Amino acid sequence: MIDIHAHYDDDAFDSDRDELLQGLFTEKGVNGIINAGCNLESSLYSVKLAERYDGMYAAVGFHPQEVDAFKEGDLEIIKSLLTHPKVVAIGEIGLDYHWVSDNKEQQKSLFRKQLELAVEMNKPVVIHERDCVADCLEIVLDYDVKGVFHAFSGSKETAKILLDRGWYISFPGTVTFKNARNPVENALYVPDERILTETDAPYLTAHPFRGKRNDSSYMRYTLEKLAEIRNTTFEYIERITEENAKRLFRI
Ligand code: NI
């Protein structure tokens, strides 16, 4: 299994981070993890984790909720991190109007700057979108970039627009939730060559462990659910999601 989106820099892992990661790679069948940066500090931490473990990779960038923490010079630092061999993407970047929506223009401007950097540095992007799908689509479709919408919960119509433009779609544990509707519909719709899986650990833990701290071992339940929805085997979903992650992130 390859977990294309996790946050092992989170405080939730402070007590057992190294032991946990070691176990995931050696005993739990996890073949790769991309740790996503949200600001400068977590981007630097992601790179440090990637240097410590063969199977760990980093995405670096500013999450839309971190727009206030962003300073102009930070973009140069992000750019320099992108030349590191274990830094495979810019992320997570995007828009989020769920908690704070009075800073839309700052969010959009930061998003565009990071998409421009992705074009310049020829790197894929990891997109975070919440309650802003129209604005998000309008912006990403302006750029000739490849990437993935992480924890995608949009409609099938939105999925179609993204897939037509070469984007990948990633499913976390939410696809296993009893009330999941869009994720299940999309899990059936996304073609084999564009589907990815993730945990978003420590969040979004799959059923029957919903609410507990997430880690990449729980992705097994997400893969099992995807196999059930798509009427195929766990092994097949595991193989194609690994192949897709390797292709998109060149790992
Ligand atoms: Ni995330």
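Everything numeric here is computed off the predicted structure, so don't read it as measured data. Throughout, numbering of the chain's residues begins at 1 and tracks the sequence. Numbering of ligands and ligand atoms starts at 1, following listing order.
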Quick check on the hydrophobic clustering: are Met121 and Ile34 connected, directly or via other members, by side-chain heavy-atom contacts under 4.5 Å? no
Can you classify the ring geometry of His150 versus His5 as parallel (below 30°), tilted (30 to 60°) or perpendicular (above 60°)? parallel
In Leu24, Val30, Asn35, the residue satisfying side chain to side chain contact (heavy atoms under 4.5 Å, CB included) with Met56 is Asn35
min-distance N/O/S atom, Asp200 vs the Ni ion (ligand 1), resolves to OD1
Is the distance from the Ni ion (ligand 1) to the nearest N/O/S atom of Cys38 under 2.8 Å? no
Short N/O/S contact of His7 with the Ni ion (ligand 1) (below 2.8 Å): yes
Phe209: hydrophobic cluster co-members (side-chain, 4.5 Å): Tyr218, Tyr221
Of all the N, O or S atoms in Glu92, which one sits nearest to the Ni ion (ligand 1)? OE2
